[in-house]
A.B. asks: 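Before I ask anything, here is the structure I am working with.
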Amino acid sequence: MSRSLSLFLAGTLAVAGSTSLRAQHHHHNQAESPVQNQPWMKPGLSPDERAEMVLKQLTLDEKINLLHGNGMPGWGAPRPNAYLGNGGAGFTLGVERLGIPIIQMSDAAYGVRSSAENGRYSTALPSNLGSAASWDPQAACDYGALIGRELRAQGYNMTLGGGVNLTREPRNGRTFEYMGEDPVLAGTLVGNRIKCERAQHVIGDIKHYAVNDQESGRNEVDSIIGKRAMRESDLLAFEIGLKVGDPSAVMCSYNGVNGDYACENKYLLTDVLKKEWNFKGFVLSDWGGTHSTVKASAAGLDNEEPLDDFYGAKLKEAVQNGQVPMSQIDDHARRVLRGEFAAGLVDYPAQKSVVDVEGGLETAQRIEESSIVLLKNEHNLLPLDPAKVHSIAVLGVNADTGMISGGGSAQVDPPGRPPAPWQAHVWFPTSPLKAIAAKAPGVTVRYGGSEPATAAEAAKGADVAVVFAYQWESEGMDLPDLSLPDHQDALIEQVAAANPHTIVVLETGTAVTMPWLDKVEGVVEAWYAGSGGAKAMANVLFGEVNPSGKLPMTFPRSVADLPHPHLVTPPPGAQGKEAVMRTGEAKPTFSVHYDEGVKVGYKWYDAEQKPVLFPFGYGLSYTSYRYSGLKLGEDAGHSVTFTVTNTGERAGTEIAEVYAGLPAAAEEPPKRLVGWARVALKPGESREVTVAVDPKYLSIYDGQGDEQPGWKLVPGQYTFLVGGSSQDLPLKQETTLH
Ligand code: BGC
């Protein structure tokens, strides 16, 4: 990450939020003014009709105003109209005389960003990847609704959230911002998040479109991938997310895809997104991800952010000299206007209010409770029983004070502190030590630090040792490998050597390797746990919550097993980010060849027969489940029915996973996730569940030539597999589909 970019992202320039509030009030107080009587101001007409009416009233300058940002605090010198911003990552002017509001955008990956520098409070939810471990569309909905409410409370009407790049490269520094390695799981969850976020009357957004699967050289890397592979993996996640969530905005990514930058890539923006998927909203560029005027406009980019290097004066000039037809400008402007109407910006103007802090903490804790994954529990050491355990040593970096969060533009600021500098490690004041002590009143709970020898000494005298281990990630960088940083492996080794009853709680943004796995009794994956993290974690450790999360990504044994053992980084002499950002007609300067294609995550390890540390879909419980009675639906095998029984002594929720193997002629990896059910069961209870399988999830993308694009079900023998993890599938049945 270059210095100047760090500076703008960490920007400290205060933008007068109160001024923009005044501007909005002024505008909305004109209830009796003629604009309120205009036909497009009336709910009841479709967003398309309303947008069309407004479009007809616009001058060229007014149209162009809709197509670019006006700066971001810290991104170069502020524009004269900077006071109209709300302190977020960007804003696009409205048309005040016609009642069209300013679009106030804020980053909101796992909560509303930049709250501290604006003097506001936001809830930090568990990381997106963490929440994906719940496999719970309702939790995703609650996640989005909370962010939508807090955005509005802070005066925003558009989110820059909804990251769904597939975990193709687990060292990607933004893995925590995305929803794992499977397109059906990730797409379904991000769609539910967006659906409920935009129901709060904010413009929903899905990003970063597309194949922005690593941060290294993100502004100049070209992702090379075959169409079929792309459509069945990375793009499928977007396709599902768009279908379920129906956001009005798509953010195109920094990188190139097959030769053209994503934000001027006709295949991605026009052929697939707007034509095939019939997307009616607008495409905005990632910040500084626009590279041209004429090419980008023709390819389908509607809005440049955060400024107007290409979509301001240059766009006007291009229209005037005939290089960009007015029909393109109209299409871009219509899409932005439609998005405003569809999201309810006109009918339900954002109104600042106080965030529901208590409600947010509860939601964050509840989502974390369903996201925690129990990875190992030897001798049923967990849950801890305060009647039997007399002393607990709590160890690890900051385990007395807080839990780590993910950095970059996703960063949510913790309360009580000034905004953190760009790429600082930010620990939320959710103290594991306090949360554990609160659960075990009669138990001696002591913090033994993170220095290996001292920690081991503290662990020696305790009945149980709990080590908190973190791995910090951020936008703008990738991890060098998947090991825990800061000698934490040594810390765990030494603690485990001192105490046979050692539990490791992981606070990670992606997979980690665990050289000490055989030496510890328990491993709990808590991800980046958010504002309610410590309480959720303690509830799991003491059994008040029975863990139910399942891994949304594979934990490999070693980076040597990844499709790209060596991370592809910019070669020496590459142009460098500054040279390619905001440079007209630039091309990506180096490539990453995703030759593994559709074999992302478990599909890779399955196909290559590589053993893994923990497979996709894996997670333990304090109870046990049995699967039985698999039946395939009469409807050509597109529904799968089976029974899950809780065979243990505690109530629990089992995530029952359904996979399909395609006929050999399809030439696909051995299996793919096609559906799942979350089944809540009391001890001894059985329940029959039916999982509907979308025929698309059984199909292949048969778009070899552009002549016959589309999805096709390959006739032949299909195998349905059902169970509790991608590698534990006790039920199996074959069927022939035509
Ligand atoms: C990130 C986007 C973010 C934008 C605005 C970019 O650097 O890639 O995810 O929304 O900045 O902050």
Side-chain angles (χ1 to χ4, degrees), residues 1-13 15 68-76 85-92 103-115 117-118 122 127-128 147 151 156 158-165 172-179 190 194 197 202-221 238 247 249-255 261-263 282-290 303-307 406-413 419-420 422-423 473-478 577-578 580-582:
M1 164 90 14
S2 77
R3 222 138 206 255
S4 58
L5 189 68
S6 319
L7 284 177
F8 87 72
L9 283 164
T12 49
L13 179 88
V15 170
H68 64 80
N70 297 275
M72 174 191 193
W75 183 297
N86 191 45
F91 67 99
T92 285
I103 303 179
Q104 300 285 0
M105 309 171 183
S106 175
D107 279 306
Y110 61 89
V112 181
R113 180 195 177 198
S114 291
S115 42
E117 63 195 48
N118 291 305
S122 325
S127 64
N128 306 80
I147 292 176
L151 282 167
Y156 296 109
M158 175 165 171
T159 176
L160 303 173
V164 75
N165 296 85
N172 177 358
R174 301 188 86 169
T175 303
F176 74 98
E177 287 189 57
Y178 305 138
M179 303 195 106
V190 85
I194 292 168
E197 193 173 16
V202 296
I203 295 179
D205 170 48
I206 191 166
K207 70 185 186 184
H208 308 87
Y209 186 67
V211 208
N212 184 182
D213 294 344
Q214 65 171 48
E215 287 294 280
S216 300
R218 67 175 178 176
N219 293 91
E220 47 187 321
V221 67
F238 280 91
V250 172
M251 186 190 291
C252 50
S253 56
Y254 283 130
N255 56 292
Y261 274 115
C263 290
F282 63 99
V283 176
L284 77 163
S285 73
D286 199 344
W287 268 228
T290 307
N303 178 290
E304 175 188 1
E305 292 298 331
L307 271 166
S409 64
Q411 185 70 62
V412 174
D413 296 319
W422 174 250
Q423 296 203 327
E473 280 191 321
S474 170
E475 172 184 343
M477 48 165 266
D478 291 322
K577 169 181 216 125
E578 297 309 318
V580 292
M581 277 179 96
R582 295 185 268 163

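Atoms within each ligand, like the ligands themselves, are counted from 1 in listed order.
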A.B. asks: Please identify which atoms of ligand 1 are closer than 4.0 Å to at least one heavy atom of H208.
C.D. replies: 2 (C), 8 (O), 9 (O)

A.B. asks: Please name all residues satisfying ring-ring contact (aromatic ring centres under 6.0 Å, His included) with H68, sequence neighbours left out, ordered by chain then number.
C.D. replies: none

A.B. asks: Side chain, backbone, both or neither: which part of M105 has a heavy atom under 4.0 Å from ligand 1?
C.D. replies: neither

A.B. asks: Any atoms of ligand 1 less than 4.0 Å from a non-hydrogen atom of Y254? List them with their elements.
C.D. replies: 6 (C), 7 (O), 8 (O)

A.B. asks: Quick check: closest heavy atoms across I206 and P247, and the distance to 0.1 Å?
C.D. replies: CG2-CG, 4.1 Å

A.B. asks: Heavy-atom contact check, 4.0 Å cutoff: does E177 meet ligand 1?
C.D. replies: no

A.B. asks: With heavy atoms only and a cut-off of under 4.0 Å, state how R113 meets ligand 1: side chain, backbone, both or neither.
C.D. replies: side chain

A.B. asks: Of the choices N212, D286, T159, D205, which has the non-hydrogen atom that lies closest to atom 6 (C) of ligand 1?
C.D. replies: D286

A.B. asks: List the steps, then state whether side chain to side chain contact (heavy atoms under 4.5 Å, CB included) holds for W287 with E304.
C.D. replies: CA-CA 8 Å; W287 268 228; E304 175 188 1; over 6 Å; no

A.B. asks: Nearest heavy-atom pair of E473 and G173: which atoms, and what distance?
C.D. replies: CB-O, 3.4 Å

A.B. asks: Considering only heavy atoms of A89, which atoms of ligand 1 have at least one such atom less than 4.0 Å away?
C.D. replies: 5 (C), 12 (O)

A.B. asks: For D107 and ligand 1, does the shortest N/O to N/O distance drop below 3.5 Å?
C.D. replies: yes

A.B. asks: Can you tell if the side chain of E305 reaches within under 4.5 Å of the side chain of F91, non-hydrogen atoms only?
C.D. replies: no

A.B. asks: Taking only heavy atoms of R174 into account, list the atoms of ligand 1 that are under 4.0 Å away from them.
C.D. replies: 1 (C), 2 (C), 8 (O), 9 (O)

A.B. asks: Numbering the atoms of ligand 1 from 1, which are under 4.0 Å from a heavy atom of S409?
C.D. replies: 1 (C), 2 (C), 3 (C), 9 (O), 12 (O)

A.B. asks: Within the 4.5 Å heavy-atom criterion, are E117 and D413 side-chain neighbours or not?
C.D. replies: no

A.B. asks: What pairs with E215 under salt bridge (charged side-chain N to carboxylate O under 4.0 Å, His left out), at least two apart in sequence or on another chain?
C.D. replies: R218

A.B. asks: Taking side chain as C-beta onward, heavy atoms only, is L160 less than 4.5 Å from L284?
C.D. replies: yes

A.B. asks: What atoms in ligand 1 come closer than 4.0 Å to a heavy atom of K207?
C.D. replies: 2 (C), 3 (C), 9 (O), 10 (O)

A.B. asks: Show me which atoms of ligand 1 lie under 4.0 Å from any heavy atom of M251.
C.D. replies: 10 (O)

A.B. asks: Near R218, which atoms of ligand 1 are under 4.0 Å from a heavy atom of that residue?
C.D. replies: 7 (O), 8 (O)

A.B. asks: Looking only at heavy atoms, which two atoms of P73 and G88 are closest? And how far apart?
C.D. replies: CD-O, 3.2 Å

